[in-house]
Amino acid sequence: MLINCVAYQHGRKLADLPVADISDYVAREDTFVWVALRDATPEELAEMQAEFNLHELAVEDAQRGHQRPKIEEYGDSLFVVVKTVEMKGDELVLGEIDIFVGHNYVLSSRHDNSQGFMGVRARAEREPHLLQHGSGFVLYALMDAAVDRYFPIVEALESELDEIEDLIFTGGSQRNNVERLYDLKRKVTTLRHAVTPLLDTIGKLHGGRVPSMCVDSQAYFRDVHDHLSRINATLDSIRETIGTAIQVNLSLVTLEESEVNKRLAAWAAIFAVLTAFAGIWGMNFKNMPELDWYYGYPMALALMFGTSFILYRRFRRAGWL
Amino acid sequence: MLINCVAYQHGRKLADLPVADISDYVAREDTFVWVALRDATPEELAEMQAEFNLHELAVEDAQRGHQRPKIEEYGDSLFVVVKTVEMKGDELVLGEIDIFVGHNYVLSSRHDNSQGFMGVRARAEREPHLLQHGSGFVLYALMDAAVDRYFPIVEALESELDEIEDLIFTGGSQRNNVERLYDLKRKVTTLRHAVTPLLDTIGKLHGGRVPSMCVDSQAYFRDVHDHLSRINATLDSIRETIGTAIQVNLSLVTLEESEVNKRLAAWAAIFAVLTAFAGIWGMNFKNMPELDWYYGYPMALALMFGTSFILYRRFRRAGWL
Amino acid sequence: MLINCVAYQHGRKLADLPVADISDYVAREDTFVWVALRDATPEELAEMQAEFNLHELAVEDAQRGHQRPKIEEYGDSLFVVVKTVEMKGDELVLGEIDIFVGHNYVLSSRHDNSQGFMGVRARAEREPHLLQHGSGFVLYALMDAAVDRYFPIVEALESELDEIEDLIFTGGSQRNNVERLYDLKRKVTTLRHAVTPLLDTIGKLHGGRVPSMCVDSQAYFRDVHDHLSRINATLDSIRETIGTAIQVNLSLVTLEESEVNKRLAAWAAIFAVLTAFAGIWGMNFKNMPELDWYYGYPMALALMFGTSFILYRRFRRAGWL
Amino acid sequence: MLINCVAYQHGRKLADLPVADISDYVAREDTFVWVALRDATPEELAEMQAEFNLHELAVEDAQRGHQRPKIEEYGDSLFVVVKTVEMKGDELVLGEIDIFVGHNYVLSSRHDNSQGFMGVRARAEREPHLLQHGSGFVLYALMDAAVDRYFPIVEALESELDEIEDLIFTGGSQRNNVERLYDLKRKVTTLRHAVTPLLDTIGKLHGGRVPSMCVDSQAYFRDVHDHLSRINATLDSIRETIGTAIQVNLSLVTLEESEVNKRLAAWAAIFAVLTAFAGIWGMNFKNMPELDWYYGYPMALALMFGTSFILYRRFRRAGWL
Amino acid sequence: MLINCVAYQHGRKLADLPVADISDYVAREDTFVWVALRDATPEELAEMQAEFNLHELAVEDAQRGHQRPKIEEYGDSLFVVVKTVEMKGDELVLGEIDIFVGHNYVLSSRHDNSQGFMGVRARAEREPHLLQHGSGFVLYALMDAAVDRYFPIVEALESELDEIEDLIFTGGSQRNNVERLYDLKRKVTTLRHAVTPLLDTIGKLHGGRVPSMCVDSQAYFRDVHDHLSRINATLDSIRETIGTAIQVNLSLVTLEESEVNKRLAAWAAIFAVLTAFAGIWGMNFKNMPELDWYYGYPMALALMFGTSFILYRRFRRAGWL
């Protein structure tokens, strides 16, 4: 679905264009065209391919979706794929924004993403001195918007981890902890797939040999790079902490088992002694003098419970009970 | 076994050739020859070596099979090995396609692979404007076809993992889970051996100093590279997830053991109390007044089962039962 | 809050400046201005941006805080972020010092850091021959001061680890050990986030192509690099040791459980024998001749305790008791 | 011990030389000398050093043995160390072949290796067109022979792993499995020490700046490189699989323990019920009417075994028995 | 403390110098001065700094000690830190030798090291043709001596590991094994801190752009590099083996626990049967005909022990006893 199709000149909006006029405006020296699509049909993409003269392989990628984030040069144009990430309930939903950038055009096409990037256009139109930098700046603004939306997700994962940690040590439901850790790990892995490949390639847009339309905006791309590095570092440390937390949880489970075993052993010992005494005096030998004593029974009980109590105290002191 | 041997000119089929004529056509400026072999005998390879003037070491590799995927330059020709992967029942079967590429020839030789690459030739012949790019494009088409067949395999591994995960947490047969995880790990390792070495070397075919017959098709080779990266990233995350899943499974087994131990301990305690009481009133002391009480027996039973019930409730509340 | 704003000439203090005069002094050839801010407000930063002509993105970063440590070049000026680390009770508190460096100015702005860097200025003013090196040297002095404050923290972590290790093997509270190890691991991770990114980028300030104001102070920046490497290596080995310690702790818990199990098994066996004998002689068969023997009871007791004692000795020897 | 000392011209054997004549032949333009030593004494090496004018450090290394595999250039000569690997019973035995290569000589000296490289010389003499390439080709032939002998070893390790895997899941002796896995891991480590350093340095002999005597044989050295890569990849995957196998084995042991615990718990429960009933009817209360019933005993037995049977069935269904 | 201060000319000792004359000799073209200090005081270092004109930062490092191993260039002089390692009882003691090297001087200063490097000087003086290479060769000789002393330490660690391995599988004290493995791991970590940073930087002294006084001795520095690589590889494999050994030890402990559990379960079952029988015949029902049989008792005993024996045999066969 076409969302916008606007031509800009000197950083200011010139006109909303019909799709068929795009190629005319793209041919002009001092204007640039910014088109936004959403869940584009193959026909729309084919039309855009014709208007902007896009490379076949890039269009194929945009059609198929489910690409890795990447920045590819086709001659003097760029094809950029950035993953968008949204939380739907407890699930991470990965979408995608595919951006075609030439000297005087930007075509963005997003899939499976509910939020949209209208705010980016609005802000850009409010700041003509920046929009004047042209298509490179628009690319930056779109990437920046997509990447900035990773931060709340990462923070949500961090606080999920904090919560689980508290439960691990205060002794919440361990089965549940393990399941949540596992689930968290999967989310981190998903998010890393959105972040890492982009981090690996975004260096192309600042520093060394930079595509010409991005030269003016290098400092901005470095800023995006920096954000990605921060996210990546945080994901790495969450990932490592999860590993340790799983290990630690196992240690604590084993420890608890060991404590349960000790209590079991202690009580088993106490009752085994009681039962052994009772067994002895329950034997049917004719000649067992103590059975005939008047105070035999209370003395026996005293001996039995006395012994049990001594055992109990010793186990208590040894920390088994 | 020879499958095809065809000469092409300007992207169109010229003629099916007898093997002996190959060297004549290869010598012509504007034609190229595309030969396909299957499970080639040493004699067939020797014949091809003579016709195409192939390098001895490359031919040896093709004969022996079981090579690592690789892209080697011998002077101005290329020798490419790509692994093919097929699912036979529950087993991964690795095959191999060895491709010799010169300026005006492509010789492909496949082993242990049931599917074949006839479709590649058919499609290429339908698109003369692409076939016109020559041998480099044919190389791309073959590699692309082989790599695209990895995707369904990878997806099968991913859904296998999903299934095992469900079983782990819903408490399916844990012994079976471990075995399946182990088996899955092995498959991932096998597949990685097909993917990683190719990923490491395919950079030679786009970007920097590229063999001359591949220069025109660079963007296409980058596309294959991109596919390989995606597969590799997915395999990496499956591999990591398997590791975590094994750990988590161990945690859950230990946890279950710990729970079983608690139940064992609780029931043992309850019955130990019952048995201790019964033991005491089973002693043969003469003077045990309660034995003579009229309601002694029911009171004893009440005391025994009452105590048991109290214990039961306490264990229940503590989550041991 | 503004802390200092001083102009220097030939390494000596010239005058305390009002903020409005900064741009005049910065324009002079042979002076440089060194301004220090603390928990700067957006207004103060905006004022500084105007006076020093700072890059918008750098100022934004300084305003937001919570940056990764980094060294960025904006034209011929530098923007440096260094994390400060303090121990508050048992918690690590990360602060930040943002440093803008130009040819004849240094602007430092610190957040969430209680100690301050007044000592750096005092020492620099006492050593005019060093201060003469200009803004590069001031940058070094600030970074050096921040990095040197990592050392006592790292040592505290090391001795914490030593303490835990002693407890692990002398058999202190294992639950507590695990919790402390986990907590230590988190601190190391936090500290690594302060150290590693800085270590990765500080190479820019010595060795290869170095920003012009830092050329004279290269050996000094290498020294900071060296300190960071030492801290990083120590953190790495703490991290690795923690991993091993968690594993070892698990081994020891399992081992102790196994020992408890053996003792439980041994005592259970001894009492089972006692109880079995007592059970036998407690049976109500009419014709059990030994029950009528005069010494039947003492013989029975002797047999029971004798057997128990033999079992006890054998378990003792096998190391089960 | 001297094994051979032969001069070659145009790829054909010229003469067996006495050691003292070596330096004369080495000085000739169009001949080359190929000497083979075995477990050389210091005196023999000193003699060779004098005849070939070898570098002191290289000779020292050859004397001491136990070097890491390496390829070192001394001026325009090469010193190459390759590890040989043999299976003696169940043990891996590492030997070494040290090769000194100059423009017109090859000196090989092997230690702790029973097989020898006579076959290499024989084959080389049968193929004069290859031997004509000179000393570089001989170096290749020796390295290739040594590396090819790794393959059967690696296959033996692989099938050992397969065997252990079968035992792990069919439930063979787990103690033995662990011991075999550990032993296998050590062998893999040993073999890796032979392979990895060579793999890291063999790139020097093909591709970039290659020593002049190896230029003609570059494709051959790349072939050796390829073999080493394959071996290395296989060793890596064995290593990783061993790690997983140890983990999986632990999981299975824990699982089995958990199953044993369940059975123990189930039987304990059944007998505890039996014993509790028997205990109750073994009490000596005067007034226990059921004791006087005519069918009291069989009813009691029926109740006891009935209850036991019901418990048994329930445990059976729950998979505990 | 000053140990030696000697001037050399053409590889031969010229004179023992008083410290004050050093700067005169250093100024001469064809001599070089070699000074050795031990646990130098700040005053001694200050004196040396003045005589040799050493860089302030290098002297500071030498004063503070506890540096990482490193090789730093200050203009055309070098500052090298090498860790010395000694075994004191069961403890690794790290010392340090700091070496300042200029074109015609070497100043070495060692801390916390009992052995000293007198032998290096003695050997160098005996070999004037080597000493003639000048200060670079002396640097090599000192580094070589320090690095060669790592070998016996590494061998001691290896044989310690071998010993522990034997104990693990023959079933020695497992608690002790874990403790020793942990201790060994710490030693390896300590030693790695001495080796790895030096390995990373020693490449500066051979191969590429080498400081001028080391150019002649490049092959020698490569030899030291090679030794360090060997030590590093050995340490790596010890480290990895320790990790596996800890895992394996845990597996064996769990396995043993599982075996103990099985024996416990088996004996518990046997005695539970015995006790159940005894309990039944100990009941007080009036009408229990078998109690009145003449051979009731022996038949009961026969039944009880017969059943026990059958159980015993079955457990035996199942490997539980």
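Just so it is clear: chains get the letters A, B, ... in the order the sequence lines come, proteins before strands, and each one is counted from 1.
- In this structure, no portion of Met288(E) lies under 4.5 Å from any heavy atom of chain C.
- A heavy-atom distance below 4.5 Å is not found between the side chains of Arg222(C) and Leu57(E).
- Interatomic distance, NE2 of His55(E) versus CG of Asp223(C), reported as 9.0 Å (0.5 Å rounding).
- Asp226(C) has its side chain within reach of Glu72(E): a pair of non-hydrogen atoms, C-beta onward, lies under 4.5 Å apart.
- In this structure, CD on Glu259(E) lies 10.0 Å from OG on Ser258(C), to the nearest 0.5 angstrom.
- Interface remark: of the candidates Ala219(C), Ser229(C), Gly282(C), Ser229(C) forms the most heavy-atom pairs closer than 4.5 Å to chain E.
- For Asp236(C), no part sits under 4.5 Å from any heavy atom of chain E, backbone or side chain.
- Note: Leu255(C) CG to Arg175(E) CZ = 5.0 Å, rounded to the nearest 0.5 Å.
- Glu256(E) and Lys262(C) are joined by a salt bridge, as a carboxylate oxygen and a charged side-chain nitrogen come within less than 4.0 angstrom of each other.
- Judged purely by atom type and a 3.5 angstrom limit, Asn287(C) has no side-chain atom pairing as donor or acceptor with the backbone of Tyr295(E).
- At a cut-off of 3.5 Å, with distance as the only test, no side-chain donor of Tyr182(E) or Gln247(C) sits close to an acceptor on the other residue.
- Ranking Ile246(E), Thr275(E), Asp61(E) against chain C, the residue ahead of the rest is Ile246(E), based on heavy-atom pairs under 4.5 Å.
- Here Arg186(E) is the residue among Arg186(E), Glu290(E), Lys70(E) with the most heavy-atom pairs under 4.5 Å with chain C.
- By number of non-hydrogen pairs under 4.5 angstrom with chain C, the leading residue of Asn284(E), Val260(E), Ile242(E), Leu181(E) is Val260(E).
- Note that CZ of Arg192(E) and OG of Ser237(C) are 10.0 Å apart. Values are rounded to the nearest 0.5 Å.
- Neither the backbone nor the side chain of Asn249(E) comes within contact range of chain C; no heavy atom of the residue lies under 4.5 Å from a heavy atom of that chain.
- Both the backbone and the side chain of Tyr297(E) have a heavy atom closer than 4.5 Å to some heavy atom of chain C.
- Checking each of Tyr294(E), Trp281(E), Phe277(E) against Phe285(C) for a ring pair (Phe, Tyr, Trp, His ring centres under 6.0 Å) leaves exactly one that passes, namely Trp281(E).
- The distance from atom NE2 of His66(E) to atom CZ of Phe151(C), rounded to the nearest 0.5 Å, is 12.0 Å.
- Interatomic distance, Arg239(E) CZ to Thr244(C) OG1, rounded to the nearest 0.5 Å: 9.0 Å.
- For Ala278(C), no part lies under 4.5 angstrom from a heavy atom of chain E.
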